Amino acid sequence: MKPSPDLVLNHAFAKVAMEMGPALPPGYGQGSATLTGVLLLMVGQEFNRAADIRAKENVAMRALFADAATAVGAEL
């Protein structure tokens, strides 16, 4: 079985933020563990939509460059 990256990151979030963080003494270490867990969760969410975002950005950039090329008189 090969787990998906978002599944691994979500499990890492749960372990760090829900188990390890609360087990630490209150203060910097606990806050740092919680923050690290939340960052893992956010990376997992970004993983699911990253390809779609990049594809949309590429379409927008191609249109921008086509407009710029026209403005300077270049041929595509």
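It should be emphasised that the depicted structure is a prediction, and the values quoted were computed from it without experimental measurement.
- How far CG of Leu9 is from CD of Glu46: 11.5 Å, rounded to the nearest 0.5 Å.
- Shortest non-hydrogen contact noted between Leu7 and Pro3 is CD2-CB, 4.2 Å.
- The shortest side-chain heavy-atom distance between Leu41 and Asn10 falls under the 4.5 Å cut-off.
- Across Gly21 and Ala33, no two heavy atoms sit closer than the pair CA-CB, 3.7 Å.
- When all heavy atoms of Gly37 and Ala17 are compared, the closest pair comes out as CA-CB, 4.1 Å.
- Annotation for Arg49: atom CZ counts as buried by contact number, over 12 foreign heavy atoms lying within 6.0 Å.
- To the nearest 0.5 angstrom, Glu57 atom CD is 10.0 Å from Asp52 atom CG.
- Nearest heavy atom pair, residue Asp6 against residue Gly44, reads CB-O, 3.6 Å.
- With Ser32 contributing its side chain and Tyr28 its backbone, the two residues share no donor-acceptor pair below 3.5 Å.
- Inter-residue side-chain proximity for Met18 and Phe13 is flagged as met; some heavy-atom pair is nearer than 4.5 Å.
- Separating the CG atom in Asn58 from the CD1 atom in Ile53 is a distance of 12.0 Å, to the nearest 0.5 Å.
- Using modelled atom types, no side-chain atom of Gln30 and backbone atom of Pro25 make a donor-acceptor pair closer than 3.5 Å.
- A continuous path of ILVMFWY side-chain contacts below 4.5 Å connects Leu40 to Met20, so both sit in one hydrophobic cluster.
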